[in-house]
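Here's the structure we're looking at; comments come further down.
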There are 2 protein chains.
Amino acid sequence: MSDERAAANARTRNRGIPDATVARLPIYLRALHTLADAGQRTVSSEELATVAGVNSAKLRKDLSHLGSYGTRGVGYDVAVLVDTISQALGLTQRWAVALVGVGNLGHALAGYAGFASRGFRIAALLDADPDRVGERLHGMVVRHIDELPAVVAEGSVSIGVIATPANAAQDVCDRLVAVGVTSILNFAPCVLSVPDNVDVRKVDLSIELQILSFHESRKAALTSLPSALSDDGEDEYDEAVGP
Amino acid sequence: MSDERAAANARTRNRGIPDATVARLPIYLRALHTLADAGQRTVSSEELATVAGVNSAKLRKDLSHLGSYGTRGVGYDVAVLVDTISQALGLTQRWAVALVGVGNLGHALAGYAGFASRGFRIAALLDADPDRVGERLHGMVVRHIDELPAVVAEGSVSIGVIATPANAAQDVCDRLVAVGVTSILNFAPCVLSVPDNVDVRKVDLSIELQILSFHESRKAALTSLPSALSDDGEDEYDEAVGP
DNA sequence: GCATGTGAATGTGTTCACAGCA
DNA sequence: TGCTGTGAACACATTCACATGC
(Lines give C-alpha, C1' and ligand atoms only; values in the text may rest on other atoms or scores of the structure.)
Protein backbone atom coordinates (compact mmCIF):
# COMPACT_ATOMS: atom_id res chain seq x y z
CA MET A 1 0.00 0.00 0.00
CA SER A 2 2.73 2.46 0.78
CA ASP A 3 4.06 0.73 -2.26
CA GLU A 4 1.19 2.13 -4.28
CA ARG A 5 1.42 5.51 -2.67
CA ALA A 6 5.09 5.69 -3.38
CA ALA A 7 4.52 4.80 -7.01
CA ALA A 8 1.79 7.37 -7.43
CA ASN A 9 3.94 9.88 -5.68
CA ALA A 10 6.93 9.21 -7.80
CA ARG A 11 4.71 9.56 -10.82
CA THR A 12 3.78 13.12 -10.01
CA ARG A 13 7.40 14.02 -9.36
CA ASN A 14 8.42 12.70 -12.75
CA ARG A 15 8.78 15.73 -14.97
CA GLY A 16 5.98 13.82 -16.68
CA ILE A 17 8.13 10.94 -17.92
CA PRO A 18 5.93 7.82 -17.72
CA ASP A 19 7.13 5.03 -15.49
CA ALA A 20 7.12 2.59 -18.36
CA THR A 21 9.45 4.85 -20.25
CA VAL A 22 11.79 5.32 -17.31
CA ALA A 23 12.06 1.56 -16.97
CA ARG A 24 13.21 1.31 -20.57
CA LEU A 25 15.70 4.16 -20.64
CA PRO A 26 18.46 2.04 -19.08
CA ILE A 27 17.94 -0.52 -21.83
CA TYR A 28 18.33 2.11 -24.51
CA LEU A 29 21.39 3.41 -22.76
CA ARG A 30 22.98 -0.01 -22.76
CA ALA A 31 22.21 -0.46 -26.43
CA LEU A 32 23.66 2.95 -27.21
CA HIS A 33 26.87 2.16 -25.36
CA THR A 34 27.21 -0.97 -27.42
CA LEU A 35 26.74 1.00 -30.61
CA ALA A 36 29.13 3.71 -29.48
CA ASP A 37 31.78 1.12 -28.64
CA ALA A 38 31.37 -0.24 -32.14
CA GLY A 39 32.13 3.23 -33.43
CA GLN A 40 28.66 4.09 -34.67
CA ARG A 41 27.93 7.83 -34.71
CA THR A 42 24.28 7.87 -35.69
CA VAL A 43 21.37 5.53 -35.27
CA SER A 44 17.80 5.34 -36.55
CA SER A 45 14.88 4.58 -34.27
CA GLU A 46 14.40 1.38 -36.22
CA GLU A 47 17.93 0.17 -35.59
CA LEU A 48 18.13 1.20 -31.97
CA ALA A 49 14.75 -0.35 -31.32
CA THR A 50 15.93 -3.64 -32.75
CA VAL A 51 19.04 -3.68 -30.61
CA ALA A 52 17.02 -2.78 -27.53
CA GLY A 53 14.34 -5.36 -28.27
CA VAL A 54 11.37 -3.00 -28.58
CA ASN A 55 9.44 -1.61 -31.51
CA SER A 56 10.44 1.63 -33.11
CA ALA A 57 7.25 3.58 -32.45
CA LYS A 58 7.61 2.90 -28.75
CA LEU A 59 11.21 3.95 -28.81
CA ARG A 60 10.41 7.22 -30.56
CA LYS A 61 7.62 8.01 -28.17
CA ASP A 62 9.85 7.22 -25.20
CA LEU A 63 12.57 9.50 -26.49
CA SER A 64 10.08 12.23 -27.25
CA HIS A 65 9.37 12.44 -23.52
CA LEU A 66 12.96 13.59 -23.04
CA GLY A 67 12.39 16.33 -25.61
CA SER A 68 14.71 14.28 -27.68
CA TYR A 69 17.14 15.53 -30.24
CA GLY A 70 16.78 13.43 -33.32
CA THR A 71 17.12 14.68 -36.88
CA ARG A 72 14.31 13.93 -39.31
CA GLY A 73 15.44 11.98 -42.29
CA VAL A 74 18.63 10.98 -40.45
CA GLY A 75 18.22 9.57 -36.96
CA TYR A 76 19.77 10.21 -33.59
CA ASP A 77 23.31 11.15 -32.75
CA VAL A 78 24.54 8.36 -30.53
CA ALA A 79 26.65 10.52 -28.25
CA VAL A 80 23.91 13.10 -27.80
CA LEU A 81 21.39 10.43 -26.92
CA VAL A 82 23.72 8.87 -24.38
CA ASP A 83 24.10 12.24 -22.71
CA THR A 84 20.41 13.03 -22.81
CA ILE A 85 19.38 9.71 -21.30
CA SER A 86 22.17 9.71 -18.71
CA GLN A 87 21.07 13.17 -17.70
CA ALA A 88 17.43 12.14 -17.48
CA LEU A 89 18.29 9.15 -15.33
CA GLY A 90 20.45 11.20 -13.03
CA LEU A 91 23.54 9.21 -13.93
CA THR A 92 25.75 12.24 -14.24
CA GLN A 93 26.59 11.79 -10.60
CA ARG A 94 27.97 8.67 -8.93
CA TRP A 95 25.48 7.44 -6.39
CA ALA A 96 26.82 5.86 -3.24
CA VAL A 97 25.22 2.55 -2.35
CA ALA A 98 25.14 0.74 0.97
CA LEU A 99 24.78 -3.01 0.65
CA VAL A 100 23.27 -4.72 3.66
CA GLY A 101 23.50 -8.48 4.04
CA VAL A 102 26.64 -10.23 2.94
CA GLY A 103 25.34 -13.76 2.63
CA ASN A 104 25.12 -15.81 -0.48
CA LEU A 105 23.55 -13.16 -2.63
CA GLY A 106 25.25 -10.21 -0.96
CA HIS A 107 28.63 -11.70 -1.85
CA ALA A 108 27.64 -11.86 -5.46
CA LEU A 109 26.25 -8.35 -5.48
CA ALA A 110 29.38 -6.98 -3.86
CA GLY A 111 31.38 -8.31 -6.76
CA TYR A 112 28.93 -7.42 -9.47
CA ALA A 113 30.79 -5.39 -12.05
CA GLY A 114 27.64 -3.88 -13.47
CA PHE A 115 27.29 -1.70 -10.41
CA ALA A 116 30.50 0.16 -10.84
CA SER A 117 30.31 0.29 -14.60
CA ARG A 118 27.02 2.16 -14.46
CA GLY A 119 28.09 4.83 -12.08
CA PHE A 120 27.25 3.27 -8.77
CA ARG A 121 29.78 3.08 -6.01
CA ILE A 122 29.44 0.62 -3.18
CA ALA A 123 30.19 2.78 -0.21
CA ALA A 124 29.83 0.08 2.41
CA LEU A 125 29.10 -3.56 3.08
CA LEU A 126 27.11 -4.17 6.23
CA ASP A 127 25.89 -7.21 8.09
CA ALA A 128 24.32 -7.99 11.44
CA ASP A 129 26.29 -11.18 11.95
CA PRO A 130 29.38 -10.46 14.12
CA ASP A 131 31.15 -13.40 12.49
CA ARG A 132 30.96 -11.70 9.14
CA VAL A 133 32.01 -8.28 10.35
CA GLY A 134 35.63 -7.64 9.47
CA GLU A 135 35.62 -10.02 6.55
CA ARG A 136 37.36 -8.66 3.46
CA LEU A 137 35.31 -8.84 0.31
CA HIS A 138 36.22 -7.43 -3.07
CA GLY A 139 38.54 -4.97 -1.44
CA MET A 140 36.10 -3.82 1.19
CA VAL A 141 35.68 -4.67 4.82
CA VAL A 142 32.30 -5.77 6.12
CA ARG A 143 31.08 -3.51 8.91
CA HIS A 144 28.38 -3.99 11.48
CA ILE A 145 24.93 -2.74 10.68
CA ASP A 146 25.02 -0.56 13.78
CA GLU A 147 27.63 1.52 12.03
CA LEU A 148 25.10 2.55 9.43
CA PRO A 149 24.75 6.12 10.72
CA ALA A 150 28.50 6.56 10.58
CA VAL A 151 28.65 5.11 7.08
CA VAL A 152 26.01 7.49 5.83
CA ALA A 153 27.73 10.42 7.50
CA GLU A 154 31.01 9.55 5.78
CA GLY A 155 29.77 9.48 2.23
CA SER A 156 26.21 10.49 1.85
CA VAL A 157 24.56 7.25 0.84
CA SER A 158 21.22 7.64 -0.84
CA ILE A 159 20.59 4.14 -2.11
CA GLY A 160 20.37 1.06 0.04
CA VAL A 161 20.44 -2.51 -1.20
CA ILE A 162 18.89 -5.14 1.05
CA ALA A 163 20.19 -8.67 0.59
CA THR A 164 19.27 -10.08 3.95
CA PRO A 165 16.88 -12.91 4.81
CA ALA A 166 13.23 -11.89 4.69
CA ASN A 167 12.83 -11.74 8.45
CA ALA A 168 15.54 -9.12 8.83
CA ALA A 169 14.55 -7.01 5.85
CA GLN A 170 11.96 -4.72 7.41
CA ASP A 171 14.24 -3.90 10.30
CA VAL A 172 17.12 -3.10 7.98
CA CYS A 173 14.76 -1.07 5.84
CA ASP A 174 13.64 0.96 8.85
CA ARG A 175 17.23 1.65 9.79
CA LEU A 176 18.05 2.77 6.27
CA VAL A 177 15.07 5.09 6.21
CA ALA A 178 16.00 6.40 9.64
CA VAL A 179 19.41 7.55 8.44
CA GLY A 180 17.94 9.27 5.42
CA VAL A 181 18.15 6.72 2.62
CA THR A 182 15.30 7.37 0.18
CA SER A 183 15.80 4.66 -2.43
CA ILE A 184 15.90 0.98 -1.67
CA LEU A 185 16.50 -2.07 -3.79
CA ASN A 186 15.10 -5.09 -2.01
CA PHE A 187 16.19 -8.64 -2.76
CA ALA A 188 14.50 -10.14 0.28
CA PRO A 189 11.29 -11.98 -0.54
CA CYS A 190 8.92 -9.78 1.41
CA VAL A 191 6.93 -6.59 1.22
CA LEU A 192 8.55 -3.57 2.82
CA SER A 193 6.63 -0.67 4.22
CA VAL A 194 8.20 2.72 3.90
CA PRO A 195 7.15 6.38 4.09
CA ASP A 196 5.77 7.96 0.94
CA ASN A 197 8.97 9.74 0.08
CA VAL A 198 10.97 6.53 -0.14
CA ASP A 199 11.09 4.48 -3.33
CA VAL A 200 11.42 0.75 -3.16
CA ARG A 201 12.09 -1.58 -6.03
CA LYS A 202 12.13 -5.30 -5.50
CA VAL A 203 13.81 -8.17 -7.22
CA ASP A 204 12.53 -11.59 -6.32
CA LEU A 205 14.13 -14.49 -8.08
CA SER A 206 11.56 -17.05 -7.12
CA ILE A 207 8.73 -14.83 -8.34
CA GLU A 208 10.30 -14.69 -11.76
CA LEU A 209 10.53 -18.45 -11.82
CA GLN A 210 6.91 -18.78 -10.78
CA ILE A 211 5.84 -16.52 -13.63
CA LEU A 212 7.80 -18.73 -16.01
CA SER A 213 6.13 -21.72 -14.42
CA PHE A 214 2.76 -20.27 -15.27
CA HIS A 215 3.62 -19.85 -18.94
CA GLU A 216 5.37 -23.17 -19.05
CA SER A 217 2.38 -25.05 -17.76
CA ARG A 218 0.12 -23.25 -20.23
CA LYS A 219 2.39 -24.42 -23.00
CA ALA A 220 2.45 -27.95 -21.67
CA ALA A 221 -1.34 -28.01 -21.51
CA LEU A 222 -1.56 -26.86 -25.10
CA THR A 223 0.74 -29.47 -26.54
CA SER A 224 -0.75 -32.34 -24.61
CA LEU A 225 -4.34 -31.49 -25.33
CA PRO A 226 -4.54 -29.10 -28.24
CA SER A 227 -8.33 -29.35 -28.22
CA ALA A 228 -8.20 -27.24 -25.09
CA LEU A 229 -7.93 -24.30 -27.44
CA SER A 230 -11.43 -24.70 -28.72
CA ASP A 231 -13.24 -24.73 -25.42
CA ASP A 232 -11.66 -21.43 -24.59
CA GLY A 233 -15.01 -19.83 -25.27
CA GLU A 234 -15.17 -17.24 -22.59
CA ASP A 235 -14.67 -18.29 -19.05
CA GLU A 236 -13.32 -21.50 -17.75
CA TYR A 237 -14.15 -25.10 -17.76
CA ASP A 238 -10.56 -25.79 -17.70
CA GLU A 239 -8.33 -28.69 -17.29
CA ALA A 240 -8.17 -29.57 -13.92
CA VAL A 241 -8.98 -32.20 -11.79
CA GLY A 242 -10.35 -30.50 -8.79
CA PRO A 243 -8.90 -30.85 -5.34
CA MET B 1 10.90 -7.62 -30.91
CA SER B 2 10.65 -11.35 -30.43
CA ASP B 3 10.31 -10.09 -26.91
CA GLU B 4 7.11 -8.34 -27.84
CA ARG B 5 5.91 -11.21 -29.92
CA ALA B 6 6.52 -13.63 -27.12
CA ALA B 7 4.57 -11.47 -24.69
CA ALA B 8 1.62 -11.18 -27.05
CA ASN B 9 1.82 -14.85 -27.68
CA ALA B 10 1.88 -15.73 -24.05
CA ARG B 11 -1.11 -13.50 -23.58
CA THR B 12 -3.26 -15.52 -25.95
CA ARG B 13 -2.22 -18.75 -24.28
CA ASN B 14 -3.24 -17.44 -20.89
CA ARG B 15 -6.66 -18.85 -20.19
CA GLY B 16 -7.33 -15.13 -20.16
CA ILE B 17 -5.42 -14.31 -16.97
CA PRO B 18 -3.86 -10.87 -17.51
CA ASP B 19 -0.08 -10.68 -17.34
CA ALA B 20 -0.24 -8.12 -14.55
CA THR B 21 -2.30 -10.52 -12.50
CA VAL B 22 0.03 -13.45 -13.15
CA ALA B 23 2.93 -11.33 -11.95
CA ARG B 24 1.15 -10.72 -8.65
CA LEU B 25 -0.05 -14.24 -7.93
CA PRO B 26 3.29 -15.31 -6.49
CA ILE B 27 3.13 -12.39 -4.09
CA TYR B 28 -0.30 -13.42 -2.89
CA LEU B 29 0.92 -16.95 -2.55
CA ARG B 30 3.79 -15.86 -0.37
CA ALA B 31 1.49 -13.77 1.78
CA LEU B 32 -0.91 -16.70 2.12
CA HIS B 33 1.86 -19.03 3.21
CA THR B 34 2.81 -16.55 5.88
CA LEU B 35 -0.77 -16.38 7.09
CA ALA B 36 -1.14 -20.15 6.97
CA ASP B 37 2.03 -20.62 8.99
CA ALA B 38 0.59 -18.25 11.57
CA GLY B 39 -2.39 -20.56 11.80
CA GLN B 40 -4.90 -18.30 10.09
CA ARG B 41 -7.75 -20.19 8.38
CA THR B 42 -9.59 -17.38 6.67
CA VAL B 43 -8.65 -14.01 5.26
CA SER B 44 -10.48 -11.00 3.86
CA SER B 45 -9.43 -9.28 0.66
CA GLU B 46 -8.60 -6.24 2.74
CA GLU B 47 -6.23 -8.11 5.03
CA LEU B 48 -4.54 -10.15 2.34
CA ALA B 49 -4.15 -7.04 0.22
CA THR B 50 -2.42 -5.26 3.06
CA VAL B 51 0.00 -8.11 3.65
CA ALA B 52 0.72 -8.35 -0.07
CA GLY B 53 1.15 -4.61 -0.44
CA VAL B 54 -1.64 -3.96 -2.96
CA ASN B 55 -5.11 -2.52 -2.69
CA SER B 56 -8.07 -4.73 -2.05
CA ALA B 57 -10.02 -4.02 -5.22
CA LYS B 58 -7.04 -5.10 -7.27
CA LEU B 59 -6.65 -8.23 -5.23
CA ARG B 60 -10.29 -9.19 -5.65
CA LYS B 61 -10.20 -8.59 -9.37
CA ASP B 62 -7.00 -10.61 -9.66
CA LEU B 63 -8.53 -13.53 -7.77
CA SER B 64 -11.72 -13.30 -9.79
CA HIS B 65 -9.68 -14.23 -12.87
CA LEU B 66 -9.02 -17.59 -11.25
CA GLY B 67 -12.75 -18.10 -10.76
CA SER B 68 -11.89 -17.68 -7.15
CA TYR B 69 -13.62 -19.26 -4.25
CA GLY B 70 -14.30 -16.59 -1.69
CA THR B 71 -17.35 -16.40 0.55
CA ARG B 72 -19.29 -13.15 0.62
CA GLY B 73 -19.51 -11.65 4.04
CA VAL B 74 -16.62 -13.84 5.20
CA GLY B 75 -13.51 -13.84 3.02
CA TYR B 76 -11.30 -16.49 1.52
CA ASP B 77 -10.27 -19.83 2.92
CA VAL B 78 -6.50 -19.63 3.14
CA ALA B 79 -5.84 -23.26 2.24
CA VAL B 80 -8.21 -23.17 -0.71
CA LEU B 81 -6.61 -20.03 -2.07
CA VAL B 82 -3.14 -21.51 -1.73
CA ASP B 83 -4.27 -24.50 -3.76
CA THR B 84 -6.07 -22.43 -6.36
CA ILE B 85 -3.14 -20.12 -6.95
CA SER B 86 -0.57 -22.91 -6.91
CA GLN B 87 -2.64 -24.72 -9.46
CA ALA B 88 -2.97 -21.64 -11.64
CA LEU B 89 0.77 -21.04 -11.56
CA GLY B 90 1.55 -24.62 -12.41
CA LEU B 91 3.34 -25.16 -9.12
CA THR B 92 1.77 -28.52 -8.50
CA GLN B 93 4.71 -30.03 -10.28
CA ARG B 94 8.39 -29.56 -9.50
CA TRP B 95 10.08 -27.90 -12.44
CA ALA B 96 13.63 -28.86 -13.21
CA VAL B 97 15.97 -25.94 -13.75
CA ALA B 98 19.33 -25.83 -15.47
CA LEU B 99 21.60 -23.09 -14.23
CA VAL B 100 24.23 -21.94 -16.69
CA GLY B 101 27.14 -19.82 -15.54
CA VAL B 102 28.68 -20.49 -12.17
CA GLY B 103 30.47 -17.22 -11.63
CA ASN B 104 29.81 -14.71 -8.94
CA LEU B 105 26.07 -14.62 -9.37
CA GLY B 106 25.67 -18.24 -10.39
CA HIS B 107 27.24 -19.32 -7.11
CA ALA B 108 24.67 -17.31 -5.21
CA LEU B 109 21.80 -18.61 -7.28
CA ALA B 110 22.92 -22.20 -6.83
CA GLY B 111 22.62 -21.76 -3.11
CA TYR B 112 19.46 -19.72 -3.13
CA ALA B 113 17.01 -21.44 -0.84
CA GLY B 114 14.01 -19.75 -2.39
CA PHE B 115 14.37 -21.90 -5.46
CA ALA B 116 13.87 -25.18 -3.72
CA SER B 117 11.28 -23.88 -1.31
CA ARG B 118 9.02 -22.86 -4.15
CA GLY B 119 9.05 -26.13 -5.97
CA PHE B 120 11.99 -25.65 -8.27
CA ARG B 121 14.73 -28.20 -8.48
CA ILE B 122 18.15 -27.33 -9.80
CA ALA B 123 18.83 -30.24 -12.09
CA ALA B 124 22.25 -29.14 -13.20
CA LEU B 125 24.96 -26.53 -12.91
CA LEU B 126 26.76 -25.82 -16.15
CA ASP B 127 29.66 -23.66 -17.21
CA ALA B 128 31.85 -23.22 -20.25
CA ASP B 129 35.04 -22.70 -18.28
CA PRO B 130 36.95 -26.01 -18.00
CA ASP B 131 38.52 -24.80 -14.76
CA ARG B 132 35.12 -24.64 -13.15
CA VAL B 133 33.87 -27.96 -14.44
CA GLY B 134 34.05 -30.58 -11.72
CA GLU B 135 33.80 -28.07 -8.92
CA ARG B 136 31.43 -29.10 -6.14
CA LEU B 137 28.86 -26.50 -5.24
CA HIS B 138 26.00 -26.89 -2.81
CA GLY B 139 26.08 -30.62 -3.25
CA MET B 140 26.22 -30.56 -7.03
CA VAL B 141 29.00 -30.96 -9.50
CA VAL B 142 29.49 -28.35 -12.20
CA ARG B 143 29.32 -29.89 -15.65
CA HIS B 144 30.44 -28.57 -18.99
CA ILE B 145 27.92 -26.72 -21.11
CA ASP B 146 28.47 -29.24 -23.90
CA GLU B 147 26.74 -31.79 -21.71
CA LEU B 148 23.53 -29.83 -21.91
CA PRO B 149 21.78 -32.31 -24.23
CA ALA B 150 22.62 -35.13 -21.83
CA VAL B 151 21.41 -33.13 -18.87
CA VAL B 152 18.10 -32.43 -20.52
CA ALA B 153 17.71 -36.04 -21.53
CA GLU B 154 18.28 -37.17 -17.95
CA GLY B 155 15.63 -35.07 -16.30
CA SER B 156 13.54 -33.12 -18.67
CA VAL B 157 14.59 -29.58 -17.94
CA SER B 158 12.12 -26.96 -19.07
CA ILE B 159 13.52 -23.84 -17.44
CA GLY B 160 16.98 -22.44 -18.03
CA VAL B 161 18.65 -19.78 -15.93
CA ILE B 162 21.41 -17.79 -17.59
CA ALA B 163 23.96 -16.26 -15.25
CA THR B 164 26.82 -15.85 -17.67
CA PRO B 165 28.53 -12.68 -18.85
CA ALA B 166 26.57 -10.78 -21.48
CA ASN B 167 28.77 -11.85 -24.35
CA ALA B 168 28.08 -15.53 -23.74
CA ALA B 169 24.37 -15.20 -23.06
CA GLN B 170 22.96 -15.40 -26.57
CA ASP B 171 25.01 -18.47 -27.36
CA VAL B 172 23.89 -20.19 -24.17
CA CYS B 173 20.34 -19.16 -24.91
CA ASP B 174 20.51 -20.69 -28.38
CA ARG B 175 21.82 -23.92 -26.92
CA LEU B 176 19.04 -24.03 -24.36
CA VAL B 177 16.43 -23.45 -27.04
CA ALA B 178 18.04 -26.10 -29.24
CA VAL B 179 17.59 -28.76 -26.59
CA GLY B 180 13.97 -27.85 -26.04
CA VAL B 181 14.00 -25.41 -23.12
CA THR B 182 11.04 -23.06 -23.52
CA SER B 183 11.39 -20.78 -20.49
CA ILE B 184 14.46 -18.74 -19.72
CA LEU B 185 15.38 -16.48 -16.86
CA ASN B 186 18.16 -14.17 -17.97
CA PHE B 187 20.48 -12.40 -15.55
CA ALA B 188 22.91 -11.30 -18.22
CA PRO B 189 22.61 -7.62 -19.11
CA CYS B 190 21.60 -8.05 -22.73
CA VAL B 191 18.61 -8.67 -24.96
CA LEU B 192 18.09 -12.26 -26.03
CA SER B 193 16.37 -13.26 -29.21
CA VAL B 194 14.35 -16.42 -29.10
CA PRO B 195 11.60 -18.10 -31.13
CA ASP B 196 8.01 -17.11 -30.40
CA ASN B 197 7.27 -20.17 -28.35
CA VAL B 198 10.00 -19.42 -25.83
CA ASP B 199 9.38 -17.11 -22.87
CA VAL B 200 12.19 -15.00 -21.53
CA ARG B 201 12.16 -13.02 -18.32
CA LYS B 202 15.06 -10.84 -17.43
CA VAL B 203 16.49 -9.57 -14.19
CA ASP B 204 19.00 -6.78 -14.49
CA LEU B 205 20.39 -5.41 -11.27
CA SER B 206 21.91 -2.31 -12.74
CA ILE B 207 18.67 -1.40 -14.48
CA GLU B 208 16.88 -1.43 -11.17
CA LEU B 209 19.52 0.85 -9.71
CA GLN B 210 19.22 3.21 -12.65
CA ILE B 211 15.48 3.46 -12.15
CA LEU B 212 16.10 4.32 -8.52
CA SER B 213 18.65 6.85 -9.66
CA PHE B 214 16.00 8.55 -11.75
CA HIS B 215 13.61 8.90 -8.84
CA GLU B 216 16.40 9.85 -6.50
CA SER B 217 17.54 12.70 -8.69
CA ARG B 218 13.95 13.93 -9.05
CA LYS B 219 13.71 14.02 -5.30
CA ALA B 220 17.03 15.80 -4.97
CA ALA B 221 15.91 18.42 -7.47
CA LEU B 222 12.76 19.04 -5.50
CA THR B 223 14.42 19.57 -2.15
CA SER B 224 17.27 21.70 -3.40
CA LEU B 225 15.27 23.98 -5.65
CA PRO B 226 11.60 23.71 -4.92
CA SER B 227 10.98 26.53 -7.38
CA ALA B 228 11.77 24.00 -10.09
CA LEU B 229 8.18 22.97 -9.73
CA SER B 230 6.88 26.20 -11.12
CA ASP B 231 8.90 26.25 -14.30
CA ASP B 232 7.51 22.86 -15.09
CA GLY B 233 5.36 24.04 -17.94
CA GLU B 234 1.85 22.88 -17.81
CA ASP B 235 0.20 20.35 -15.62
CA GLU B 236 2.07 19.53 -12.49
CA TYR B 237 2.19 21.81 -9.59
CA ASP B 238 1.53 19.00 -7.27
CA GLU B 239 2.33 18.06 -3.77
CA ALA B 240 5.26 20.22 -2.85
CA VAL B 241 5.40 18.53 0.47
CA GLY B 242 2.84 16.73 2.53
CA PRO B 243 -0.88 16.43 1.85
C1' DG C 1 13.22 11.00 -49.80
C1' DC C 2 13.21 9.59 -45.38
C1' DA C 3 13.05 9.12 -40.45
C1' DT C 4 11.37 11.78 -36.57
C1' DG C 5 7.76 13.27 -33.60
C1' DT C 6 2.91 13.07 -32.45
C1' DG C 7 -2.26 13.13 -32.55
C1' DA C 8 -5.66 9.62 -32.62
C1' DA C 9 -7.06 4.83 -31.95
C1' DT C 10 -6.60 0.89 -29.55
C1' DG C 11 -5.44 -2.15 -25.85
C1' DT C 12 -4.34 -3.08 -20.89
C1' DG C 13 -4.50 -2.22 -16.20
C1' DT C 14 -6.50 0.06 -12.08
C1' DT C 15 -9.95 1.97 -9.31
C1' DC C 16 -14.61 3.01 -8.04
C1' DA C 17 -18.83 1.92 -6.29
C1' DC C 18 -22.40 -1.08 -5.63
C1' DA C 19 -25.36 -5.20 -6.60
C1' DG C 20 -25.70 -9.67 -4.76
C1' DC C 21 -25.17 -13.14 -1.58
C1' DA C 22 -23.63 -15.73 2.65
C1' DT D 1 -24.63 -6.89 8.15
C1' DG D 2 -20.17 -7.34 5.71
C1' DC D 3 -17.50 -8.91 2.16
C1' DT D 4 -17.06 -10.73 -2.45
C1' DG D 5 -17.28 -10.22 -7.34
C1' DT D 6 -17.88 -7.17 -11.20
C1' DG D 7 -19.67 -3.70 -14.58
C1' DA D 8 -18.47 0.89 -15.66
C1' DA D 9 -15.24 4.79 -15.43
C1' DC D 10 -10.89 6.12 -15.54
C1' DA D 11 -5.85 6.13 -16.19
C1' DC D 12 -1.97 4.49 -18.43
C1' DA D 13 0.58 2.30 -22.25
C1' DT D 14 1.17 0.78 -26.94
C1' DT D 15 0.57 1.04 -31.66
C1' DC D 16 -0.80 3.15 -35.89
C1' DA D 17 -0.29 6.23 -39.51
C1' DC D 18 0.98 10.49 -41.22
C1' DA D 19 2.17 15.45 -41.14
C1' DT D 20 6.46 17.70 -40.44
C1' DG D 21 10.90 19.16 -41.42
C1' DC D 22 15.69 18.13 -42.34
Side-chain angles (χ1 to χ4, degrees), chain A residues 1 3-12 14-25 27-28 40-78 80-81 84 211 234-236, chain B residues 1 3-12 14 16-25 27-28 40-50 52-78 80-81 84 234-236 238:
Chain A
M1 98 168 82
D3 207 25
E4 317 267 334
R5 293 291 296 277
N9 238 357
R11 200 60 186 49
T12 62
N14 267 358
R15 191 209 270 163
I17 304 181
D19 286 348
T21 295
V22 172
R24 282 186 295 264
L25 291 178
I27 300 173
Y28 303 153
Q40 196 164 334
R41 312 283 302 161
T42 255
V43 68
S44 69
S45 65
E46 195 62 44
E47 184 180 10
L48 180 54
T50 302
V51 179
V54 303
N55 85 38
S56 63
K58 192 189 284 184
L59 172 73
R60 288 198 302 278
K61 180 140 292 191
D62 282 343
L63 294 184
S64 77
H65 291 296
L66 310 185
S68 145
Y69 293 85
T71 310
R72 291 168 199 246
V74 179
Y76 301 91
D77 182 287
V78 173
V80 169
L81 255 198
T84 306
I211 294 170
E234 44 157 339
D235 48 27
E236 23 252 273
Chain B
M1 68 159 119
D3 207 25
E4 317 266 335
R5 295 289 297 278
N9 238 356
R11 199 62 187 49
T12 61
N14 267 356
I17 304 180
D19 285 349
T21 295
V22 172
R24 282 186 296 265
L25 291 178
I27 299 173
Y28 303 153
Q40 197 163 335
R41 312 284 300 162
T42 256
V43 68
S44 70
S45 65
E46 194 64 44
E47 184 179 10
L48 181 54
T50 302
V54 303
N55 85 35
S56 63
K58 193 190 281 186
L59 172 73
R60 288 199 301 279
K61 179 138 301 192
D62 282 342
L63 294 183
S64 78
H65 291 297
L66 311 184
S68 145
Y69 293 85
T71 309
R72 289 166 200 247
V74 179
Y76 301 89
D77 182 286
V78 172
V80 169
L81 256 197
T84 307
E234 37 161 352
D235 44 31
E236 39 249 83
D238 36 3

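Heavy atoms only: backbone and side chains are in, while hydrogens, waters and symmetry mates are out. Here is the naming used below: chain letters follow the sequence lines, and residue numbers restart at 1 for every chain.
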Rounded interatomic separation in angstrom, taking OH from A/Y69 and P from C/dT6: 12 Å
Interatomic distance where CD belongs to B/E46 and P belongs to D/dG5 [whole Å]: 15 Å
Chi angles and distances behind the side-chain contact (heavy atoms from CB on, under 4.5 Å) call for A/L48, A/L81: CA-CA 11 Å; A/L48 180 54; A/L81 255 198; 3.9 Å; yes
Integer-rounded Å distance: C/dT6 C1' and A/L59 CG: 14 Å
N or O in side chain of B/Y76 less than 4.0 angstrom from D/dG5 OP1/OP2: yes
Distance, rounded to the nearest Å, where A/D77 contributes CG and C/dT4 contributes P: 13 Å
B/K58 NZ - D/dA9 C1' separation (whole Å): 17 Å
Distance in angstrom units between B/R24 CZ and C/dT12 C1', rounded: 11 Å
Distance, nearest 0.5 Å, that separates CG of B/L25 from CG of B/L63: 7.5 Å
Worked check of side-chain contact (heavy atoms from CB on, under 4.5 Å) between A/E47 and A/Y76: CA-CA 10 Å; A/E47 184 180 10; A/Y76 301 91; over 6 Å; no
Contact pattern, 5' to 3', of nucleotides 16-22 of chain D - B, S or - by protein heavy atom under 4.0 Å: BB-BBBB
Verdict with supporting geometry, A/D77 and A/Y69, side-chain contact (heavy atoms from CB on, under 4.5 Å): CA-CA 8 Å; A/D77 182 287; A/Y69 293 85; over 6 Å; no
Separation of C/dG7 C1' from A/H65 NE2 (nearest whole Å): 13 Å
Distance in angstrom units between B/L66 CG and D/dG5 C1', rounded: 13 Å
Phosphate contact (C/dT4 OP1 or OP2) by A/S45 side-chain N/O below 4.0 Å: yes
Worked check of side-chain contact (heavy atoms from CB on, under 4.5 Å) between B/T71 and B/T42: CA-CA 10 Å; B/T71 309; B/T42 256; over 6 Å; no
From B/S44 atom OG to B/L59 atom CG, the distance as rounded to the nearest 0.5 Å: 9.0 Å
